[in-house]
Amino acid sequence: MTNLQMLLDGLKAAPACLVTVESTQGSVPREPGAWMAVFADRLVGTIGGGHLELQAIAEARRRLAGGPVASPGPMRFALGPALGQCCGGVVHLGFECLTAHDAPALARRLTPRLHPVALFGGGHVGHALARVLAPLPFALTWIDSRNGIFPPDPPEGVVCEHSEPVQLAVPRLAPGSRVLIMSFSHAEDLDVVAACLRRQREQGDLPFIGLIGSKTKWATFSNRLHGRGFVPEELAQVTCPIGIPGIGGKEPEVIAVAVAAQLLQTLQALPTAE
């Protein structure tokens, strides 16, 4: 269950105070938009922990108890010695008391923007990746040509899709999809890569095309794709091997973490790509 769902469910039974990072200066633990919901007996989410969070919790519960509000605007917290933190930045926090009546508007306001990802392949790494990506800011479509390959209870929010032949799913991908290719077959991988490059030639709307494999595999694929009419500038749009460098180990879970981290980097590298 997501933090937002836990907040909405909690509001059915009790009020809460929503603490939101409104703005920041310098080094701070969380970005603007980060939030934490403070109930009388529990917390949902985080604004970064430490003394900043402790003071925010105390202020939120004081307001929940009906205490006076000194100022209607955001409160300023300097992350220095007085606060017991040495980040050195400044955080402005907003406080908003909520009831069940606020839930519909709150759901619209706090629903995060999810970036589409298409994962081709339901093998061991595919299963590990689906589990890792599910709680991250991605809307995952998981695609395979085989029947019975997906788990009976896929991670929450993951859409499983059967496509035969598998490359026919590429034209239907959401604009701005990041594509990960790791099918059971090198022939399928090649067909999916080719379909992605054709889409790039026509639409140019896939910010990341990642292929699992070695440099040797990519050298072979490059030759074959060149034979299909793709030029070096087009081939340069494919990342192979995938995963951030410097992480050793070939266990599916290790590869999944390295690839997920690489996708997160693309969100920063291409902020206006979609």
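Worth knowing before you read on, the calculation uses all heavy atoms, side chains too, and leaves out hydrogens, waters and symmetry mates.
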Sequence neighbours left out, cut at 3.5 Å: what donor-acceptor pairs do the side chains of residues 233-245 make with other protein atoms?
residue	atom	partner	partner atom	Å
Glu234	OE1	Arg201	NH2	2.9
Glu234	OE1	Val231	N	3.0
Glu234	OE2	Arg201	NE	2.7
Glu234	OE2	Arg201	NH2	3.2
Gln237	OE1	Gln200	NE2	2.8
Gln237	NE2	Glu234	O	3.4

Can you tell if the side chain of [X] reaches within under 4.5 Å of the side chain of [Y], non-hydrogen atoms only?
X: Pro74; Y: Leu93; value: no
X: Ile47; Y: Val91; value: no
X: Cys17; Y: Leu98; value: no
X: Ser163; Y: Phe120; value: no

Exercise for review: Starting from the C-alpha separation in whole Å, work towards a yes-or-no answer on side chain to side chain contact (heavy atoms under 4.5 Å, CB included) for Thr46 and Glu53.
Suggested key: CA-CA 8 Å; Thr46 178; Glu53 190 160 292; 2.6 Å; yes
Check your understanding: When hydrophobic residues are tied together by side-chain contacts of less than 4.5 Å, even through go-betweens, does Ile181 share a cluster with Leu133?
Key ->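 In one cluster: no.
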Check your understanding: Which side-chain hydrogen bond (donor to acceptor under 3.5 Å, both in side chains) pairs, counting each pair once, include a residue from residues 58-69, with sequence neighbours left out?
Key ->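 For residues 58-69: Glu59-Arg62, Glu59-Arg63.
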Review point. Just by modelled atom types, is the Thr220 backbone N or O under 3.5 Å from a matching donor or acceptor in the Asn223 side chain?
Key: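 Not at all, since once roles are kept as given, no pair shorter than 3.5 Å links the two residues.
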Which side-chain N or O atoms in residues 124-132 pair as donor and acceptor under 3.5 Å with protein atoms at least two apart or in another chain?
residue	atom	partner	partner atom	Å
His127	NE2	Gly122	O	3.1
His127	NE2	Ile149	O	3.2

**Study point:** Pair Glu22-Arg76, salt bridge (Lys or Arg N to Asp or Glu O under 4.0 Å): steps then yes or no
**Key:** CA-CA 10 Å; Glu22 300 288 347; Arg76 181 181 185 275; over 6 Å; no
[X]: which residues meet the salt bridge (Lys or Arg N to Asp or Glu O under 4.0 Å) condition with it, sequence neighbours left out?
X: Arg30; value: none
X: Glu251; value: none
X: Arg224; value: none
X: Lys12; value: Asp9

Check your understanding: Can you list every pair that meets ring pair (Phe, Tyr, Trp, His ring centres under 6.0 Å) and has a residue in residues 146-171, with sequence neighbours left out?
Key ->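 Of all non-adjacent pairs touching residues 146-171, those that pass ring pair (Phe, Tyr, Trp, His ring centres under 6.0 Å) are Trp142-Phe150.
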Review point. Is there any ring pair (Phe, Tyr, Trp, His ring centres under 6.0 Å) pair reaching into residues 4-49, and which pairs are they, with sequence neighbours excluded?
Key: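 Ring pair (Phe, Tyr, Trp, His ring centres under 6.0 Å) check on residues 4-49 returns no pairs.
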Review point. Does a side-chain N-to-carboxylate-O contact under 4.0 Å join Glu161 and Arg172?
Key: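 A salt bridge links Glu161 with Arg172.
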**Study point:** Residues Trp218 and Ser222: side-chain donor-acceptor under 3.5 angstrom
**Key:**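 Result is yes, a qualifying pair exists.
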Practice item. Any salt bridge (charged side-chain N to carboxylate O under 4.0 Å, His left out) involving residues 179-194? Give me the pairs, sequence neighbours left out, ordered by first then second residue. Key: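 Sorted result for residues 179-194: Asp189-Lys217, Asp191-Arg228.
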Review point. Which residues pass the side chain to side chain contact (heavy atoms under 4.5 Å, CB included) test with Ala134, sequence neighbours left out?
Key: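 So Ala134 forms a side chain to side chain contact (heavy atoms under 4.5 Å, CB included) with Pro155, Val158.
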Practice item. Check side chain to side chain contact (heavy atoms under 4.5 Å, CB included) between Ser23 and all other residues, then give those that pass, not counting sequence neighbours. Key: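 In terms of side chain to side chain contact (heavy atoms under 4.5 Å, CB included), with neighbours along the sequence ignored, Ser23 is linked to His92.
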Review point. Within a radius of less than 6.0 Å around CD of Glu156, do more than 12 heavy atoms belonging to other residues, nucleotides or ligands occur?
Key: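 Check fails, neighbour count at 12 or below.
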Practice item. For the pair His186 and Phe221, name the ring-plane relationship: parallel under 30°, tilted 30 to 60°, perpendicular over 60°. Key: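 His186 vs Phe221 ring planes: perpendicular.
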